[in-house]
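The analysis underlying the following values was restricted to heavy atoms, covering all of them including side chains, and did not include hydrogens, waters or symmetry mates.
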Amino acid sequence: MNILLWMTLQIGFLTFRPFGALSQGIVLVAKMFNMEPEALERFTWYMREQSALTVMFHTKIADQMGLSATDEKCLDLAMRADGPVTAGRIAELSGLSTGAVTGVIDRLERAGFVRRVRDPHDRRKVLVEVTIADVEKFGHLFEVARQSLIEVLSHFGEDELQVIERYLQLQIETFRKRVIDT
């Protein structure tokens, strides 16, 4: 995605106006890329709504786990890694500073979700290892979201799912590169 288009989408996320009231930025970028301004505005609104719902969902889950939303998402990043990870890697993936990640790991360790272990290949390094037993007791909290995903995906054929998957992969890659990794 072109940087100007991306920036306009991000500005659209932060510009509070009634749905359908097109901003000059949306109109300008839409014209530059031969898009309908209304389509760009709709997708901007959908992304804002999806983002808000995701934040609310993870805040609710984190609360039920006795964590902050940031701590819960860092735990999720550690869980999705291939084995124990360094605090530095969690910082890279989350966009948080290493100091902030140290605080996150301290809280997760106190709550019993992770433990610090020595790297078997380099005893000077400390790794963060997820304590699976503690995490699994909260799996049921995510079941409603998983069922919702299955319900939505069932409305699309294989060709449509491939387009959706391509879109999501590009969105994740672009967002990570432009927002998280900066």
Can you classify the ring geometry of F57 versus F142 as parallel (below 30°), tilted (30 to 60°) or perpendicular (above 60°)?
perpendicular
Euclidean distance, [Y] [atom2] relative to [X] [atom1], rounded to 0.5 Å:
| X | Y | atom1 | atom2 | answer |
| --- | --- | --- | --- | --- |
| E36 | K31 | CD | NZ | 10.5 Å |
| E151 | R146 | CD | CZ | 13.0 Å |
| L75 | R107 | CG | CZ | 12.5 Å |
| M47 | R42 | CE | CZ | 15.0 Å |
| T98 | R89 | OG1 | CZ | 14.5 Å |
| S51 | M56 | OG | CE | 9.5 Å |

Is it true that [X] and [Y] fall in one hydrophobic cluster, defined by side-chain heavy atoms closer than 4.5 Å?
| X | Y | answer |
| --- | --- | --- |
| I164 | L149 | yes |
| V152 | Y167 | yes |
| I61 | L53 | no |
| V130 | L77 | no |
| L96 | F113 | yes |

Between D76 and K73, does the salt bridge (charged side-chain N to carboxylate O under 4.0 Å, His left out) criterion hold? Intermediate values first, please.
CA-CA 5 Å; D76 177 55; K73 287 314 297 172; 3.1 Å; yes
Is the closest side-chain donor-acceptor distance between E143 and Q147 under 3.5 Å?
yes
Heavy atoms from other residues, nucleotides or ligands near NE2 of H155 exceed 12 (cutoff 6.0 Å):
yes
Exceeds 12 heavy-atom contacts within 6.0 angstrom, atom CD of Q169
yes
Work out which heavy atom in S68 is nearest to a heavy atom in A62; give both atom names and the distance.
O-CB, 3.4 Å
Treating [X] as the side-chain partner and [Y] as the backbone partner, does any N or O pair qualify as donor plus acceptor under 3.5 Å?
| X | Y | answer |
| --- | --- | --- |
| E49 | Y46 | no |
| T174 | L170 | yes |
| R176 | L93 | yes |

Using a strict threshold of under 4.0 Å (side-chain N to carboxylate O), is an ion pair present between [Y] and [X]?
| X | Y | value |
| --- | --- | --- |
| K125 | D122 | no |
| D71 | R110 | no |
| E109 | R115 | no |
| R123 | D119 | no |

[Y] side chain reached by [X] side chain, heavy atoms, under 4.5 Å:
| X | Y | result |
| --- | --- | --- |
| L161 | E165 | no |
| E72 | T59 | no |
| K177 | E173 | yes |

Worked verdict on I90 versus V104 for side-chain contact (heavy atoms from CB on, under 4.5 Å):
CA-CA 10 Å; I90 294 173; V104 167; 5.8 Å; no
Cluster companions of L127 among Ile, Leu, Val, Met, Phe, Trp, Tyr (side-chain spacing under 4.5 Å)
V117
side-chain contact (heavy atoms from CB on, under 4.5 Å) for T86 and V126? Distances and angles first, verdict last.
CA-CA 7 Å; T86 64; V126 175; over 6 Å; no
Could you give me the CA-CA distance, side-chain angles and deciding distance for R116 and I105, then say whether side-chain contact (heavy atoms from CB on, under 4.5 Å) is met?
CA-CA 9 Å; R116 289 176 167 98; I105 294 168; 3.3 Å; yes
